[in-house]
Amino acid sequence: MPQHSVPAVTAAAALVCLAAFGPTPSSAAPPADRPAGQPGPVTSRFVPGACPEPPEPIEALSAAKCGYLEVPENRSHPGSRTIKLAVARIAATSAKPGAEPVVFMAGGPGADTFDDIPFLVDSGLNKDRELIVMAQRGNLYDQPNLACPEVDRFNEKAVGLGYDAPQAEQIMLKAVTDCRARLVADGVDLGAYNSTENAADFADLRAALDIPRWNVYGYSYGSNLALTYLRLHPEGIRAVALDSVAPSQFVTLPWTWGSTAEGIRNIFEACAAQPACKDRYPDLPGMLTEQVRKLEAHPLTLNVTPKDGGKPVKTVLDGGALLNLLVAFTPRPKDMPAALEELSKGNPERFAQARAAGSVQKVGDFAHGLTNSIACSEWAPGHSESDVLKAGQKTYPGWPDTVLAQPPQLPFQYPVCGVWNVPDRASVQRVPTVSSVPALVVSGTFDVKTGASWAKGVADNLSRSTAIQVPGIGHWVVPQSPCAQSVLASFFANPTDPETSCVDDLEPQPFTIIPK
């Protein structure tokens, strides 16, 4: 979950933002009987200001109205300091937009929310309604920003190390230790960066902007957050759309293995359903197992030139790295069988280049501090490293334990959580959301991060929900599927009866077939 799955989009436009709406205090007020001299609760308010200026300009921000939502860092602590969350309001393009805007909840946790704006605009999120985007607490453009450049620099080095190597763990834990110490020294209350506070921020945003009702759209971790928000702050929610669902009651570190296996299995089964693919790649599950075992026993160490150029970098390709490249959708699903076939014939180029790409990081863009605060308080508690290993062994019997011991995309997370040291919030977060608010649940059958079948348990608790599975699409469905875009637009127009028929005739696109 902690990274984007859709290719980056660049928009070329100047950033000139309008600050045309003023601050509106939230409804919170200090109690009349508070003793004199005792600090009262911090109220939330919106303060207009300039839009963020990303290195690659985002066209939609050139006419947006921006500012900061000021909120308490920790609502359970009277006198908590105030933090600032970046907000952008992007106008609808329609001449007669709907009255209720759409507020977006990004994935991650920790990904740059504003980086998602081009995908949202291209998907039509602001066609018929105003689109509101807020960086979740601790993200880029917020104050404070829980970025960990130390971890980014580790990730640059990690491509030259074994995925689960003791040296990699040692360097990563040093990076996490240094980041934590720096953030705490700056006064950050790491335990306050959780889904409960995150949801309260969005409730305060609606009140501060004086919006009677709005629609919610969240993907990946943003779907988890949207469910938390719907459960804790249902007032003012007209409809909620969940894309690539990470169910709040189910997400744990062992859970990642089931989602990964489901997505990979669906990709392989889709290949088997296409005669040309089945004929060319008759045993993809066996090929994957063979390559994972082979590379874990005898890792490849290569000098690889990153795809976008630059100096060759030392790149280690082992079984854990191979699996996690598949989870990261590098290569894309349609190329996965071809890449595995090439690897089995001694040509690791596709995977090696994908691994080498990690040697170039946008240092300081990703809020690893937010990731760790949520993962360590909400996903890790109640289970152990041995539980992760058992889940992996159940999913892929016969694979090396060294591969199965690491939850996909979250290596060394339990040792990291030992360093991060935030309160256990599992009991308050792992709660199903039961609601009659109209809901749309969108899944992609090729999703290897949040398996499509997990959406059913969520939809069953939402009494007025519509659920769709989009064949051949992976994580974060809407930007990748015109059909899903159409369904989402129909849902926001008519939440209780959206038009979903376009899904019926969809099939995965043909897989890449390489010569024998």
Qualifying ring pair (Phe, Tyr, Trp, His ring centres under 6.0 Å) pairs with a residue from [range], counting only residues at least two apart or across chains:
| range | answer |
| --- | --- |
| residues 445-468 | Phe250-Trp454, Trp255-Trp454 |
| residues 338-357 | none |
| residues 383-413 | Tyr396-Trp399 |

For the student: nearest non-hydrogen atoms of [X] and [Y], plus distance:
| X | Y | result |
| --- | --- | --- |
| Gly364 | Leu140 | O-CD1, 3.8 Å |
| Val388 | Tyr414 | CG2-CE1, 3.7 Å |
| Ala356 | Val313 | CB-CG2, 3.8 Å |
| Lys362 | Asp152 | O-OD2, 3.9 Å |
| Pro471 | Thr445 | CA-OG1, 3.4 Å |
| Ala226 | Val240 | CB-CG2, 4.1 Å |

Is a side-chain donor-acceptor pair under 3.5 Å present for [Y] with [X]?
| X | Y | value |
| --- | --- | --- |
| Ser435 | Thr433 | no |
| Ser248 | Gln429 | no |
| Ser344 | Glu290 | no |
| Asp447 | Thr450 | yes |
| Glu341 | Asn347 | no |

Check step by step if side-chain contact (heavy atoms from CB on, under 4.5 Å) holds for Asn126 and Thr93. CA-CA 6 Å; Asn126 71 318; Thr93 59; 3.8 Å; yes
Would you say that [X] contacts [Y] through its side chain, given a criterion of any heavy-atom pair below 4.5 Å between the two side chains?
| X | Y | result |
| --- | --- | --- |
| Ile374 | Asn224 | no |
| Leu326 | Leu288 | yes |
| Leu488 | Val442 | no |
| Val176 | Glu150 | no |
| Tyr163 | Val316 | no |
| His475 | Val448 | no |
| Pro337 | Arg280 | no |
| Thr260 | Leu323 | yes |

Within the distance-only criterion (no hydrogens, no angle test), does the side chain of [X] pair as donor or acceptor with the backbone N or O of [Y] below 3.5 angstrom?
| X | Y | value |
| --- | --- | --- |
| Gln249 | Pro432 | no |
| Arg231 | Val434 | no |
| Ser465 | Ala459 | yes |
| Ser223 | Gly218 | no |
| Gln274 | Gln509 | yes |
| Ser486 | Pro482 | no |
| Gln413 | Ala380 | no |
| Asp279 | Pro275 | no |
| Arg355 | Leu322 | no |
| Asp318 | Glu296 | no |

From [X] atom [atom1] to [Y] atom [atom2], the distance as rounded to the nearest 0.5 Å:
| X | Y | atom1 | atom2 | value |
| --- | --- | --- | --- | --- |
| Glu169 | Leu161 | CD | CG | 12.0 Å |
| Ser195 | Tyr229 | OG | OH | 14.5 Å |
| Leu146 | His368 | CG | NE2 | 11.0 Å |
| Arg129 | Asn215 | CZ | CG | 5.0 Å |
| Asn139 | Thr113 | CG | OG1 | 4.5 Å |
| Gln136 | Phe104 | CD | CZ | 8.5 Å |

Return the orientation label for the Tyr141 and Phe114 ring planes: parallel under 30°, perpendicular over 60°, tilted otherwise. perpendicular
Check step by step if side-chain contact (heavy atoms from CB on, under 4.5 Å) holds for Val478 and Tyr219. CA-CA 9 Å; Val478 166; Tyr219 88 94; over 6 Å; no
Should Thr371 and Tyr221 be marked as a side chain to side chain donor-acceptor pair (under 3.5 Å) after you check the CA-CA gap, both sets of side-chain angles, and the distance that decides it? CA-CA 10 Å; Thr371 306; Tyr221 167 71; over 6 Å; no
Evaluate the side-chain contact (heavy atoms from CB on, under 4.5 Å) criterion for residues Met336 and Phe268: first the C-alpha distance (whole Å), next the side-chain angles of each, then the deciding distance (0.1 Å), finally the verdict. CA-CA 9 Å; Met336 189 186 296; Phe268 289 173; 3.9 Å; yes
Go through Val121 and Ile58 one step at a time and tell me if the side-chain contact (heavy atoms from CB on, under 4.5 Å) criterion holds. CA-CA 10 Å; Val121 171; Ile58 295 172; over 6 Å; no
Working for side chain to side chain donor-acceptor pair (under 3.5 Å), residues Trp476 and Ser220: CA-CA 7 Å; Trp476 199 10; Ser220 194; over 6 Å; no
CD of Glu269: more than 12 outside heavy atoms within 6.0 angstrom? yes
